[in-house]
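Contents: one structure, followed by commentary.
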Amino acid sequence: MELPFAESYKTKMVETIRKSTREEREEWIRKAKYNLFNLKSEQVFIDLLTDSGTGAMSDKQWSEMMLGDESYAGASSYYKLRDAIREITGFPYFLPTHQGRGAENVLFSAMIKEGNVVPGNAHFDTTKGHIEYRKARAIDCTIDEAFDIEVDYPFKGNIDLNKLRSVLEQYPVEMIPVVIVTITCNSSGGQPVSLENIREVKKLASEYGIPVFFDSARFAENAYFIKIREEGYRDKSIREIVREMFSYADGMTMSSKKDAIVNMGGFVAMNSHILFEQASMYNILFEGYISYGGMSGRDMNALSQGLYEGTEYPYLESRINQVAYLGQNLKDHGIPVQQPFGGHAIFIEASKFLPHIPKEEFIAQTLAVELYLESGVRGVEIGTLLADRDPDTRKNRYPDLEFLRLTIPRRVYSKNHMDYIIAALVNVYNRRNEVKKGLRIIREAAILRHFTVELDRL
Ligand SMILES: *Cc1c(COP(=O)(O)O)cnc(C)c1O
């Protein structure tokens with residue numbers, strides 16, 4: 001018998017979670033105005049809202065917390081983090097920030113000006129937000145394969161080199177401060193970018209003298225996919241692949257709440273000393289002094305340790321396989337899921353799950369509510385609510401794909417939890433024709449409406 005994958009860790013501390021009744025959930029979700037962000041966490045049994053900052057730290061990370069140096073300047077925790085970043089990524093300069101968007105704010109303040117264009121692969125929403133806030137524009141150059149959930153392409157996060165070239169030709173180089181490659185590409189479903197593509201993007205950008213930065217929240221998961229799926233990388237270690245990936249970048253932003261398995265933190269790292277000095281000014285202005293930037297010493301210690309643990313093969317193997325186990329079982333039951341499975345989440349195509357619900361009735365949100373009512377599992381809508389209104393016409397923007405995302409926290413849930421989620425979704429799928437109507441908006445904010453929107457049943 002072939003030995004199955006098993007977690008490369010065991011449990012030392014536990015946290016109680018509680019099941020509820022359907023009657024309780026009916027009342028809670030009504031009071032939450034059918035917005036799962038408004039639920040209290042104790043009203044949720046299995047929480048798949050996000051993998052951001054929701055991971056379980058290890059015993060080694062907790063011991064590092066006790067060793068944190070809380071000195072304002074020059075703390076040993078700062079040097080520990082500097083050494084870890086140098087060893088893992090190869091970048092000589094870095095600035096700590098409170099989380100990923102802090103890193104974006106610091107870097108973009110130094111790099112992006114009004115009227116600029118920033119090409120990339122489906123920029124993450126905070127990245128896009130920080131670009132647009134500066135009256136610049138993010139241009140999506142993701143390959144077309146990413147938008148067809150049935151195409152089984154191994155690197156759906158890749159940048160289409162023709163699309164990128166046409167952007168680089170269309171605009172004067174002074175207007176293009178940077179190309180941003182998001183690894184893995186969150187917005188297209190946690191899909192990886194191949195090393196071949198990374199290399200080609202760097203080569204193309206270099207022809208125009210434009211730097212390449214990685215939005216690196218899930219860089220280790222990306223490296224795992226390269227090892228498994230890309231020709232020539234089987235025998236390379238995750239750390240070797242990571243170093244090769246970053247060797248084609250001029251710098252990176254990092255949300256440490258993802259692959260560095262801490263609850264809070266981030267950083268920006270780069271090769272250029274000039275850029276480091278420019279960005280330092282904004283770090284002091286927005287985040288904190290350059291040797292802590294919004295993080296406690298103990299947080300920097302846990303982050304340093306997390307960078308090492310997050311790039312270990314056995315850990316990544318169990319993480320990616322857990323996500324794939326969920327995806328494969330859903331697929332086997334006929335549930336439409338994005339393929340191949342991404343690194344951190346399974347994406348269900350809600351408009352194929354509930355084809356009789358019109359898009360005006362928020363299909364993925366309707367499915368998220370049904371799953372919660374069935375089981376107490378909280379997923380998140382990545383569809384029309386998130387896509388928001390067109391800023392000019394104020395009409396709803398309807399994205400190509402209407403997703404319910406099931407995001408798996410790191411080292412938190414067991415295979416039994418996955419089986420529970422699978423059974424819950426199969427039950428909803430079997431009675432999908434009984435879901436007759438969707439939802440309507442009763443109140444919404446002017447921007448980022450999905451966090452606070454209030455809905456009602458139709
Ligand atoms: C989470 C994330 C960010 C933003 O990071 P925060 O820590 O949430 O501020 C940026 N880019 C990507 C790809 C992310 O996944």
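Counting starts at 1 for both ligands and their atoms, following the listed order. A quick note: this is a predicted structure, and the numbers were derived from the prediction, not measured.
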Do Tyr34 and Phe362 have their ring centres less than 6.0 Å from each other?
-> no
For Arg218, atoms of ligand 1 separated by under 4.0 Å from a heavy atom = 15 (O)
For Asp215, atoms of ligand 1 separated by under 4.0 Å from a heavy atom | 10 (C), 11 (N), 12 (C), 13 (C)
Taking atom types as modelled and ignoring hydrogens, do the side chains of Arg378 and Ser41 form a donor-acceptor contact shorter than 3.5 angstrom?
-> no
Nearest non-hydrogen protein atom, atom 7 (O) of ligand 1 = Ser255 OG, 2.7 Å
Top protein contact for atom 6 (P) of ligand 1, by heavy-atom distance | Gln99 NE2, 3.3 Å
Pair Tyr72 and Tyr292, ring centroids less than 6.0 Å apart = yes
Please could you name the atoms of ligand 1 that Glu104 approaches to less than 4.0 Å, counting only its heavy atoms?
-> 10 (C), 11 (N)
Is any side-chain N of the basic residue among Glu114 and Lys135 closer than 4.0 Å to the acidic one's carboxylate O?
-> no
Hey, is Glu7 close enough to Lys415 for a salt bridge, meaning N to O under 4.0 Å?
-> no
Heavy-atom pair with the smallest gap, counting every atom of Ser351 and Ile363 = CB-CD1, 3.8 Å
Would you mind listing which atoms of ligand 1 come within a distance below 4.0 Å of any non-hydrogen atom of Thr126?
-> 3 (C), 4 (C), 10 (C)
Give a yes or no on whether a salt bridge exists between Arg411 and Glu309, defined as a side-chain N under 4.0 angstrom from a carboxylate O.
-> yes
Can you list the atoms of ligand 1 that are under 4.0 Å from a heavy atom of Gly100?
-> 5 (O), 6 (P), 7 (O), 9 (O)
Considering only heavy atoms of Thr182, which atoms of ligand 1 have at least one such atom less than 4.0 Å away?
-> 13 (C)
Okay, side chain of Asp250, backbone of Met270: is any donor-acceptor separation there less than 3.5 Å?
-> no
Has ligand 1 got any nitrogen or oxygen that is less than 3.5 angstrom from a nitrogen or oxygen of Arg101?
-> yes
Which residue supplies the protein heavy atom nearest to atom 15 (O) of ligand 1, what is that atom called, and how far is it?
-> Lys258 NZ, 2.7 Å
Any nitrogen or oxygen of Lys257, main chain or side chain, under 3.5 Å from a nitrogen or oxygen of ligand 1?
-> no
